[in-house]
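In what follows, a structure is listed as structure tokens, so that the remarks can point back to it.
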Amino acid sequence: MPAFLQPFIEAEQERSRRIEQLRKEVREFAEKEAGDSITEQILLFLADEMVEHISEIDYELRKKFELYITPLIRPNYLYRYTGTFDRIRQAYIRERMKTPAGQRECEWKYKNEILFVPYHSNPVIVKSVETVRCRSNMVWNFKVAASERMKRQIFMVLEYILEHYEVSRLREYKLTGLQLFYEFCIRKQITDIQLLELEQEALFQDYLNQKIEKEQRRKRLKTIVETARKVIFMQTDEIRWDATIWYLERFHIAKERRNQSDNIDKISFQEVLQPKNRRLLQEYMKYEIGIGELALSTVYERFRIIRNFLREISEKQLEVTECDASLMDVYLKNLQNGTIGAKTFNTNVSGIQFFMKFLEVKGYIKKVPFYASYYWEKQIPVHHNRSVEEDVYMEIIQNLAQFPEHLRMMFLHLWCVGLRISEVCTLKGDAYYIQNGDCWMKVYQVKMKNYKRVPIPVTLYRLMQVYLKKQLTEKEAYIFQNRKGGAFSKSTFMGQMKKYCAKIGIQNGEYIFKSHDYRHTVATNFYEHGVSLQSIRDYLGHTFEEMTMQYVDYMPRKIAKENDAYFAEEENSLIACMQKGEKHE
């Protein structure tokens, strides 16, 4: 044999060895694909690429195979070839995942590589992407030069979407949105998604406008920013106190502090642009949420007051620690001259005072630069007649059958019992009971953080027993639930009631439903029928009678009526009173 042929013969022998080795592995790991003509073509390709084992197959090799095979076959056959290529790799992963060593080798985890979703180590996820493997959102390039932290965050969100969103159009939106967001972060050199600013979010919207034509699709893809931020905040090992948005679910706040029907799920610091002001506000909120015992709604109201104050001084490039008496005087007087009422203004003054006192205690300032009592305004109670007219609620009751069943039941609790809508939304299966022949209801008062027990009409009790059996409601479960099984949202209830009142044509479609008006109606009806103010106070669950008086409408009319009845008696007539006066000088 000529010497010059020796290298070619040895190379061919080595190629044959590789082909036989790969064929053996296919028979071992991907038996279904063994012997297929397409598989043989793949083995030849792998051998020519100097591949020794199936473990070496990755996305980049797949891409090379696709380019290699495309000119050799009909276009509509390409999916058969790439599909077989993928199944060989997937079969290998499935078998290897059965052993600890194989799990370490094949586990789906972050790497500075190009990751291909169909090569995921979870067979459920692999099965779910079987029909969409050719989409671009299946390929994730983590080799690109970009912030390592940002890339790991994107991988975290990718993994969450694959695990928590079933095969649907929604998952496609999330994956495509995440890929576009990833491209944007690389282009704009964003290093940390948790520190994303409002200006950067606006730039991402512009990026979507350039990439996506349809407005509806752009709106859906944009939601990925919120999804990504929440997933990252919730899943990082330690809470990122410097994040621009906090998601309160991470803090496991006591249920007594939360209104389940009107849940506050996040707090945004993005509006405060001055870094030090933002950091101090974050420190204060860390104290309020973690150590304080105030209701979350009260904490959030105070937060917004402080945030508005800091946002305004941040726009002037001022640090809160530099605020003196004159600056505070200007700010508070401008606030005072606005359109807010005395009660709201006093709440603003108190909120800023609490924040300043916190800064004083922490040593950031020497003392609070203003006296809150100097600015407090006198609050004059203003009574607004909010009771619903009889013809209005009777029209609703007459048309109640046209409302969905859950709205009917919820409305009856407002009209019959005068509950707050937050109380209706958070009622549980064990709320109703009979004692000594009377029907009662146990209600948790979110606002007061305690339970109250009130008598209810027997008809309402019977209706709810039927409803509970129909819904198979357990004792500790919410009666009126959202899609996730939590308490029904009061804003959702309000929206649905307004929609149906308009659709049915209550008061010719002009009636605007307001749930709290029915609480006024019940209190007023009680008072009109001679129930004492103290009894109404206890029934509504108020602490002070002054609050109850704000719920009793038409009180002047009641007083006038009593006056007329008093002076109608002969002994109390005006002439009799004058005669008494003359007699006694």
Side-chain angles (χ1 to χ4, degrees), residues 259-263 385-433 439-447 454-475 477-526 539-541 551 553:
N259 183 348
Q260 299 295 335
S261 68
D262 190 18
N263 210 10
N385 289 334
R386 295 186 56 176
S387 292
V388 183
E389 296 290 343
E390 183 177 357
D391 61 324
V392 176
Y393 62 69
M394 287 307 299
E395 186 178 353
I396 293 177
I397 290 170
Q398 289 164 5
N399 290 278
L400 211 54
Q402 299 184 52
F403 288 79
E405 190 173 18
H406 70 282
L407 294 184
R408 290 181 232 161
M409 297 299 104
M410 294 174 83
F411 172 80
L412 289 175
H413 284 81
L414 300 176
W415 178 67
C416 292
V417 193
L419 298 183
R420 301 179 181 92
I421 184 56
S422 60
E423 295 168 352
V424 178
C425 289
T426 52
L427 286 171
K428 293 192 174 181
D430 60 353
Y432 312 90
Y433 62 97
C439 299
W440 293 79
M441 174 191 288
K442 179 180 68 174
V443 182
Y444 181 73
Q445 300 181 105
V446 177
K447 195 171 182 179
V454 294
I456 60 173
V458 64
T459 304
L460 179 61
Y461 175 83
R462 290 172 178 169
L463 285 170
M464 286 310 301
Q465 293 306 305
V466 173
Y467 184 80
L468 291 172
K469 287 180 181 179
K470 186 185 295 185
Q471 301 298 323
L472 302 175
T473 306
E474 297 181 1
K475 289 184 177 182
Y478 291 111
I479 297 173
F480 307 107
Q481 299 181 358
N482 59 26
R483 292 178 181 177
K484 296 181 180 180
F488 202 85
S489 167
K490 71 177 187 181
S491 59
T492 302
F493 169 76
M494 293 293 291
Q496 291 180 357
M497 283 299 296
K498 288 176 182 177
K499 172 186 172 183
Y500 278 95
C501 284
K503 181 180 178 180
I504 295 166
I506 303 299
Q507 296 292 290
N508 297 318
E510 296 179 359
Y511 172 64
I512 299 175
F513 180 85
K514 296 179 181 178
S515 63
H516 213 63
D517 290 358
Y518 290 86
R519 191 165 169 81
H520 283 252
T521 306
V522 168
T524 302
N525 284 339
F526 279 157
Y539 186 85
L540 295 180
Y551 280 80
D553 298 334

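Remember, predicted model here, so these are calculated numbers, not experimental data.
- Taking the side chain as every heavy atom from C-beta outward, His406 and Tyr467 approach each other to under 4.5 Å.
- Residue Ile397 places its CD1 atom among more than 12 non-hydrogen atoms of other residues, nucleotides or ligands, all under 6.0 Å distant.
- Other residues, nucleotides and ligands place no more than 12 heavy atoms under 6.0 Å from the CD atom of Glu474.
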Chi angles and distances behind the side-chain contact (heavy atoms from CB on, under 4.5 Å) call for Phe411, Ser515: CA-CA 8 Å; Phe411 172 80; Ser515 63; over 6 Å; no
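- Considering NZ of Lys428 and OG1 of Thr473, their distance stands at 12.5 Å, rounded to 0.5 Å.
- Note that the CG atom of Asn259 and the NZ atom of Lys490 stand 5.5 Å from one another [nearest 0.5 Å].
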Candidate pair Trp415 and Ile396, rule side-chain contact (heavy atoms from CB on, under 4.5 Å), full reasoning: CA-CA 10 Å; Trp415 178 67; Ile396 293 177; over 6 Å; no
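- Note that CG of Asp262 and CZ of Arg420 are 13.5 Å apart. Values are rounded to the nearest 0.5 Å.
- Within the model, atoms CD of Glu405 and CG of Leu463 stand 9.5 Å from one another, a figure rounded to the nearest 0.5 Å.
- Here the CZ atom belonging to Phe488 is positioned 8.0 Å from the CZ atom belonging to Phe493, to the nearest 0.5 angstrom.
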CA sep, side-chain torsions, deciding dist, call: Ile421, Tyr518, side-chain contact (heavy atoms from CB on, under 4.5 Å): CA-CA 10 Å; Ile421 184 56; Tyr518 290 86; over 6 Å; no
Verdict with supporting geometry, Ile512 and Lys498, side-chain contact (heavy atoms from CB on, under 4.5 Å): CA-CA 6 Å; Ile512 299 175; Lys498 288 176 182 177; 4.2 Å; yes
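- Annotation: cation-pi pair Lys442/Tyr432 absent, no NZ/CZ under 6.0 Å from the ring centroid and within 45° of its normal.
- In this structure, OG1 on Thr426 lies 10.5 Å from CZ on Phe480, to the nearest 0.5 angstrom.
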